[in-house]
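Worksheet: the structure to be examined is printed underneath.
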Amino acid sequence: MKIRLYNTLGRELQVFEPLEAGTARMYACGPTVYNYAHIGNLRTYVFEDLLRRTFSYFDYTVEHVMNVTDVGHLTDDGDEGEDKMIKSAREQGKSVWDIANHFSDAFFRDLEKLNIQMPEVVCKATDHIEDMIGLIKRLEERGYTYLAGGNLYFDVAKFEKYGELALLDRAKLQAGARVEVDVNKRNPQDFVLWFTNSKFDQQAMQWDSPWGRGYPGWHIECSAMSMRYLGEQFDIHLGGVDHIPVHHTNEIAQSEAATGKPWVRYWIHGEFLVMTGGKMSKSAGGFITLESLEEMGYHPLDYRYFCLGGHYRTQLQFTEDSLNAARAARHNLLDRVRRLRNEALQNGTSVGTAVGSAENELGDGAQAHLRAFEAAVAEDLNIPKALAELWQSLKDDSVSAQERVELASRMDCILAIGVGTAAEGADEAEASQEDVAEIEALIAERNEARTSRNFARADEIRDDLKERGVVLEDGPEGTRWKRG
RNA sequence: GGCGCCGUACCCAAGUGGUAAGGGGGAGGCCUGCAAAACCUUUAUUCACCGGUUCGAAUCCGGUCGGCGCCUCCA
């Protein structure tokens with residue numbers, strides 16, 4: 001199956017052709033760990049997970065590298081502003097190292113809750129200072145740097161293709177620039193490779209370097225670490241759209257300047273989650289974390305499902321209504337899969353075993369659904385369409401219950417919204433044995449009440465259980481219950 | 001001021017030249033002691049607006065209005 005992806009470099013859909021057949025090497029810009037991730041940040045990691053799962057699904061070997069930026073960086077790109085890590089540490093009365101560990105741990109917990117697979121390599125900036133210094137030295141040797149005011153800068157004028165990714169026109173940028181001018185810079189787009197001249201005396205993170213004691217500029221870590229783990233040329237670089245004009249533009253400049261050859265083949269960017277009035281950000285007051293959604297009663301995978309409802313390259317509107325819709329949809333989906341599983345079991349067929357194995361041959365009807373699903377995914381990750389195909393598969397009566405469960409399992413290898421678990425018959429929240437006994441006792445009492453036409457008592461029990469999150473369903477074969 | 005994206009039903013959202021996916025919600029039916037759940041039916045002759053190209057446009061072109069992102073740390 002050919003996978004087509006939208007390459008920001010060139011702004012067009014392209015068939016993915018890896019440098020090495022059968023292997024997809026990708027680098028994703030990770031978090032700066034000075035605060036909790038908000039759900040807008042997490043949307044991007046869900047998108048990246050969908051991509052890596054897609055490659056796995058189509059039998060690629062995936063080498064996925066993600067950095068953790070645990071070095072303090074300034075709130076702007078010059079030598080002004082405040083160091084975010086230091087600010088956070090001061091506010092919370094902790095060391096910068098503690099801050100980094102704390103928020104890094106929180107971040108990976110969030111990823112796990114969202115069924116986001118861990119990259120093959122997760123690398124911390126502070127563990128790779130030597131790699132960065134090495135790369136900067138190469139830049140220096142090739143004449144791309146200059147020293148000014150104690151800091152070492154990258155000279156964008158020396159790099160012909162600067163700004164190609166972002167379609168930047170340097171002349172126009174200069175005319176429209178309204179940033180404070182760093183007097184040390186020869187060009188406004190020049191950026192710091194190594195700081196020695198920080199105005200922050202309390203900078204806790206400092207390292208020795210050929211240019212003096214200090215710390216690296218922000219952009220260099222991604223170039224240094226990606227090359228360290230993926231080589232000087234690799235397939236894909238991922239990130240949020242906000243990185244296109246500055247961060248990724250600078251990464252390309254310094255990487256290709258250092259090696260003298262093309263660096264990354266495909267640049268793929270995820271769009272923002274937006275709220276009424278604009279994007280999610282701390283300053284705007286709309287800072288929502290995954291944990292806060294859980295406190296509101298949502299399952300983390302409800303949020304993942306929500307993310308799958310929109311294409312990764314379009315802004316997605318986050319509202320309470322739309323998240324509620326996602327939660328309801330996911331619950332209905334899991335219910336449907338569970339019912340189909342029960343139906344298949346009653347038919348005496350085995351289900352939920354050995355997903356994707358040769359024993360689970362699918363009939364023509366089921367295969368048509370699977371092909372439609374795969375085609376949607378392979379066409380620039382059209383997950384909303386793929387999700388629609390899952391729904392249609394489950395509703396197609398011409399396909400056996402067993403096959404429908406099998407389809408759901410296979411599709412969930414990419415979607416990862418809990419359908420696979422449901423197909424195996426496991427519940428996300430298993431009730432304890434005592435709870436089960438108590439609930440079933442109450443149900444028995446209620447059914448006795450119903451037989452003796454004591455409907456007041458029967459309804460009372462039903463309401464009590466409902467408050468505990470247990471929903472009763474009276475059917476021809478008796479009363480069934482489930483977690484609401 | 002410059003660059004880019006978007007505007008599809010009550011809501012979220014696919015679709016980018018061949019006659020509107022999917023989900024949520026709503027409505028009706030069936031069932032029920034009443035409910036709930038399931039199931040069935042239904043919910044945009046129309047894609048912000050105005051022109052144009054075309055046999056044919058939500059999809060292409062031009063304009064108008066509206067929203068958003070970036071140009072500054074940012075997913």
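Below, read A as the first sequence line, B as the second, and so on, with proteins coming before strands; counting in each chain starts at 1.
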Picking from B:rG23, B:rG33, B:rC12, the nucleotide nearest the side-chain atoms of A:F455 would be B:rG33
Assign A:N382 to base, sugar-phosphate, or nothing according to its heavy-atom contacts below 4.0 angstrom with the strands shown. sugar-phosphate
Does A:R480 reach a base, just sugar-phosphate, or nothing at all? Heavy atoms under 4.0 Å. nothing
Touch check for A:L316, heavy atoms < 4.0 angstrom, all strands: base, sugar-phosphate only, or nothing? sugar-phosphate
From CG of A:D242 across to C1' of B:rC3 the rounded distance in Å is 16 Å
How is A:H269 classified with respect to the nucleic acid when contacts are heavy atoms under 4.0 Å: base, sugar-phosphate, or nothing? nothing
Want to settle it: does A:Q317 or A:H243 sit nearer the 5' end of RNA chain B, counting the closest nucleotide to each? A:Q317
Across the strands shown, which category fits A:R11 at heavy-atom distances under 4.0 angstrom: base, sugar-phosphate, nothing? nothing
Measuring centre to centre across the rings, with the benzene-like ring taken for any Trp, is A:Y45 within less than 6.0 Å of A:F107? yes
Are A:F287 and A:Y36 near enough that their ring centres are under 6.0 Å apart? no
For A:R453 and for A:R339, locate the closest nucleotide of RNA chain B by heavy-atom distance; then report the residue assigned to the nucleotide nearer the 5' terminus. A:R453
For A:N332, which contact category applies under a 4.0 Å heavy-atom criterion: base, sugar-phosphate, or nothing? sugar-phosphate
Sugar-phosphate only, base, or nothing, as touched by A:R446 at under 4.0 Å among non-hydrogen atoms: base
